[in-house]
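Quick notes on the structure that follows.
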Amino acid sequence: MYGSENNREDSERTAFRRAEKNYKLYYDTNASKNKKKKKPKPVDLTEVLDFRSILECHDRNGELPPFVNVIHDKFSSPVFSLQNRPGFYFIPGALSIEKQCSLIRESLIDFPQPPNRTNHNAIYGPIHNLFDEAKEGKVLVEEYSPDGSPKLGPDCDYQDGKRWKFVTEKEELLRKGKSVPASALLRKLRWSTLGLQFNWSRRNYDVSLPHNKIPEALCDLAKELAKPAMPAGVEFQPEGAIVNYFGLGDTLGGHLDDMEADWSKPIVSLSLGCKAIFLLGGKTREDPPLAMFLRSGDVVLMAGEARECFHGVPRIFTDEKNAEIDHLQAQLSHEDDLCFLKYIQTSRININIRQVF
Ligand code: SIN
């Protein structure tokens, strides 16, 4: 699902793939032979739906495009829906700047902590404090158990006689064996899962895996945001969440979120950091998708029929002009926050929260 590079024939087979290819980051190889100065190929964004402009126009003169409806909930921003996509809701700028910043901090410090799993688990087992270790320039090294025994006891973290642990760069120089800088692992962090843990290979929730509940503040936020897409009097119950991390050139291929028991309950999807293009397709990949911008602070709800629609993220914009994160630069300017700012200047984080049962 993540950023797979398709061969040419495959990448043009369906309307969804063609749209992904249209918006994906490609470099203009003719523009410069100097790789350091490689330039993104220009992309035509005129067809990309911009809910911020729709909101501004609506605020100014009450006008809306014919295919957009508005619900005024008690959020600071109106909730937009699309006539031909029942169950899809867009709340531009739903998250305050403070909330965006606190979610960025949590997404980097707390959410990837065990027992929450990340894409790194399969190779390295549980990794603690990745963000802090990266900040300190640490290196993850493979270490063998002293007596070579496969496992030293129930609480021991050696697996098959080996484990990974962080050491300083200096210590790493004195060792032999496999190693990887924490900063490289942070750059390659693609997902972490909160609450009930998702098994990607089986594409289901593995309730037998150890897990913590979704943090209370995130739970309360999701319950509040889910309201426009919930039947009256029914409260959304957040049970699982996937946090997606995107760096330059990363994409999320077209997919359905169909592993939850009750599709009438929405997926609450929060955007943080650099601006992205989101593709909302139809029930098959043959249906031409609608492209729209997702900015930091925007919230999308997908419930009912929209749960059956293919969707994905073919592009994030990390250049200063298009990332549209000036408000985060100002808010994260304190010395303690510069590490978060540095990350988010070239990244996007998506938190999508689900009711599983
Ligand atoms: C998803 O569809 O799972 C994530 C969408 C997003 O990144 O906004």
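Order of appearance sets the numbers: ligands from 1, and atoms from 1 within every ligand.
- Ring to ring, Tyr205 and Phe198 are close: their centroids are under 6.0 angstrom apart.
- Using modelled atom types, no side-chain atom of Asn69 and backbone atom of Ser81 make a donor-acceptor pair closer than 3.5 Å.
- Shortest non-hydrogen contact noted between Ile325 and Ile344 is CD1-O, 3.7 Å.
- The N/O atoms of Ser271, backbone and side chain alike, include none that comes under 3.5 Å of an N/O atom in ligand 1.
- Near His255, meaning under 4.0 Å from any of its heavy atoms, are these atoms of ligand 1: 1 (C), 2 (O), 3 (O).
- Across the listed options Val313, Leu252, Ile242, Leu252 owns the non-hydrogen atom lying nearest to atom 1 (C) of ligand 1.
- Atoms of ligand 1 lying under 4.0 Å from any heavy atom of Phe246, numbered from 1 in the order shown and given with element: 7 (O).
- Atoms of ligand 1 found under 4.0 Å from any heavy atom of Arg348 (numbered from 1 in listed order, with element): 6 (C), 7 (O), 8 (O).
- Figure legend: Lys38 and Tyr27 shown as a cation-pi pair, the cationic atom lying under 6.0 angstrom from the six-membered ring centre and within 45 degrees of its axis.
- Using a 4.0 Å cut-off between heavy atoms, Val300 makes no contact with ligand 1 at all.
- Of all the atoms in ligand 1, the ones that sit under 4.0 Å from a non-hydrogen atom of Leu294 are 8 (O).
- If you number the atoms of ligand 1 from 1 as listed, the ones under 4.0 Å from a heavy atom of Asn244 come out as 3 (O), 4 (C).
- If you look at Asn352 next to ligand 1, the close heavy atoms, those under 4.0 Å, all belong to the side chain.
- Atoms of ligand 1 lying under 4.0 Å from any heavy atom of His311, numbered from 1 in the order shown and given with element: 2 (O).
- Residues Phe90 and Leu294 have side chains in contact (heavy-atom distance under 4.5 Å, counting atoms from C-beta outward).
- Listed for the Asn119 side chain is a donor-acceptor partner under 3.5 Å among the backbone atoms of Trp191.
- Heavy-atom proximity to atom 6 (C) of ligand 1, evaluated over Asp298, Asn350, Ile267, is greatest for Asn350.
- Residues Phe131 and Phe340 place their aromatic rings such that the two centres sit under 6.0 Å apart.
- Contact check for Phe236 versus Val268: side-chain heavy atoms found under the 4.5 Å cut-off.
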